K.L.:
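I have a structure I would like to understand better, so I am pasting it below and will then ask my questions one at a time.
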Amino acid sequence: MDIKCTERNGNLVVRIVGEIDHHSADRIRHTAEREFYNSGAKNMVFDFAHVAFMDSSGIGMIIGRYKELKKVGGKVYAINIGPEVNRIFDISGLRKIIPCYASLDEVASEGR
């Protein structure tokens, strides 16, 4: 599993390559939090383009970031969701609190 964080237009983009399970969710959480507070970004965007599997640990990790950013006035978004992760978002109800977009450009245009 690989995590790459970049800042773009006030968004911390967290690109995840691999599976999100109980082994990786805590590492993603720590990395995303550290990079978010070091970057000065306002929002966090999870890029799921290279994630084929996510279990309940991933759901918890995303909800945790949502709650954390909500406290500081930020938002969490998801982009590039494939069929398997999309199914998890639908079943879990994540889609009700995490806006999902096809690309980072769509996230950027939401603020306009």
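These values consider heavy atoms only, across backbone and side chains, with no hydrogens, waters or symmetry-generated copies. The model shown is predicted, which means the values in this text are computed figures rather than measured ones.
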K.L.:
What pairs with Arg34 under salt bridge (Lys or Arg N to Asp or Glu O under 4.0 Å), at least two apart in sequence or on another chain?
P.N.:
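Scan of Arg34 (salt bridge (Lys or Arg N to Asp or Glu O under 4.0 Å), adjacent residues dropped) gives none.
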K.L.:
Hey, can you pull the donor-acceptor pairs under 3.5 Å for the side chains in residues 69-80, sequence neighbours left out?
P.N.:
| unit_1 | atom_1 | unit_2 | atom_2 | d |
| --- | --- | --- | --- | --- |
| Tyr77 | OH | Glu110 | OE1 | 2.6 |
| Asn80 | ND2 | Asp47 | OD1 | 2.9 |
| Asn80 | ND2 | Asp47 | OD2 | 3.4 |

K.L.:
Which heavy atom of Ser39 sits nearest a heavy atom of Glu7, and at what distance?
P.N.:
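Minimum heavy-atom separation between Ser39 and Glu7: CB-CG, 4.4 Å.
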K.L.:
Between Phe48 and Ile20, is any pair of side-chain heavy atoms under 4.5 Å apart?
P.N.:
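Answer yes - side chains close enough.
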K.L.:
Going by heavy atoms in the side chains, are Arg65 and Phe46 under 4.5 Å from each other?
P.N.:
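Of all side-chain heavy-atom pairs linking Phe46 with Arg65, at least one is under 4.5 Å.
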K.L.:
What residues, two or more places apart in sequence or in another chain, satisfy salt bridge (Lys or Arg N to Asp or Glu O under 4.0 Å) together with Lys4?
P.N.:
Asp2
K.L.:
If Ile, Leu, Val, Met, Phe, Trp and Tyr residues are connected whenever their side-chain heavy atoms lie under 4.5 Å apart, and connections chain through other members, are Val51 and Val45 in the same group?
P.N.:
no
K.L.:
With heavy-atom distances below 4.5 Å as the criterion, would you say the side chains of Asn43 and Leu12 are in contact?
P.N.:
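No, side chains not in contact.
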K.L.:
For the CE atom of Met61 and the OH atom of Tyr66, what is their distance to the nearest 0.5 Å?
P.N.:
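Reported value, rounded in 0.5 Å steps: 16.0 Å.
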K.L.:
Distance check, rounded to the nearest 0.5 Å: Lys67 atom NZ versus Ile62 atom CD1?
P.N.:
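These two atoms lie 13.5 Å from each other.
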K.L.:
By side-chain contact (heavy atoms from CB on, under 4.5 Å), which residues pair with Ser92, not counting sequence neighbours?
P.N.:
Ile59, Leu94
K.L.:
Side chains of Pro99 and Tyr101: closer than 4.5 Å at any heavy-atom pair?
P.N.:
yes
K.L.:
Less than 4.5 Å apart, side chain to side chain, heavy atoms only: is that true for Glu19 and Ser24?
P.N.:
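Contact flag for Glu19/Ser24 side chains = no.
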K.L.:
Would a single hydrophobic cluster contain both Phe53 and Ile63, if residues Ile, Leu, Val, Met, Phe, Trp and Tyr are joined by side-chain heavy-atom contacts under 4.5 Å?
P.N.:
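No, Ile63 and Phe53 fall in different hydrophobic clusters.
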K.L.:
May I ask you to decide whether Arg8 forms a salt bridge with Asp105, counting only side-chain N to carboxylate O separations under 4.0 Å?
P.N.:
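Looking at Arg8 and Asp105, the cut-off is met.
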K.L.:
Taking salt bridge (Lys or Arg N to Asp or Glu O under 4.0 Å) as the definition, give me every residue that meets it alongside Asp26, ordered by chain and number, with sequence neighbours left out.
P.N.:
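Testing Asp26 for salt bridge (Lys or Arg N to Asp or Glu O under 4.0 Å), a comparison that skips the adjacent residues, returns Arg29.
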K.L.:
Can a donor-acceptor pair be found, under 3.5 Å and without considering hydrogens, that links the side chain of Thr31 to the backbone of Ile28?
P.N.:
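No; zero donor-acceptor contacts below 3.5 Å.
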K.L.:
Looking only at heavy atoms, what is the nearest atom pair of Ala25 and Ser57, with distance?
P.N.:
CB-O, 3.6 Å
K.L.:
Only one of Glu35, Arg15, Met44 clears side chain to side chain contact (heavy atoms under 4.5 Å, CB included) with Cys5; which?
P.N.:
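So the option named by the test is Glu35.
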K.L.:
Can you name the residues that form a salt bridge (Lys or Arg N to Asp or Glu O under 4.0 Å) with Arg27, not counting sequence neighbours?
P.N.:
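For Arg27, no residue satisfies salt bridge (Lys or Arg N to Asp or Glu O under 4.0 Å) once neighbours in sequence are set aside.
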K.L.:
If Ile, Leu, Val, Met, Phe, Trp and Tyr residues are connected whenever their side-chain heavy atoms lie under 4.5 Å apart, and connections chain through other members, are Met54 and Ile98 in the same group?
P.N.:
yes
K.L.:
Please say yes or no: joined through hydrophobic side-chain contacts below 4.5 Å, possibly via intermediate residues, are Ile81 and Val107 part of one cluster?
P.N.:
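No, Ile81 and Val107 fall in different hydrophobic clusters.
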K.L.:
Is there a donor-acceptor pair closer than 3.5 Å between any side-chain N or O of Asn11 and the backbone N or O of Val13?
P.N.:
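Side chain of Asn11 to backbone of Val13: no pair is present.
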K.L.:
Decide yes or no on side chain to side chain contact (heavy atoms under 4.5 Å, CB included) for Tyr37 and Glu68, but give the supporting numbers first.
P.N.:
CA-CA 11 Å; Tyr37 289 111; Glu68 187 71 23; 2.8 Å; yes
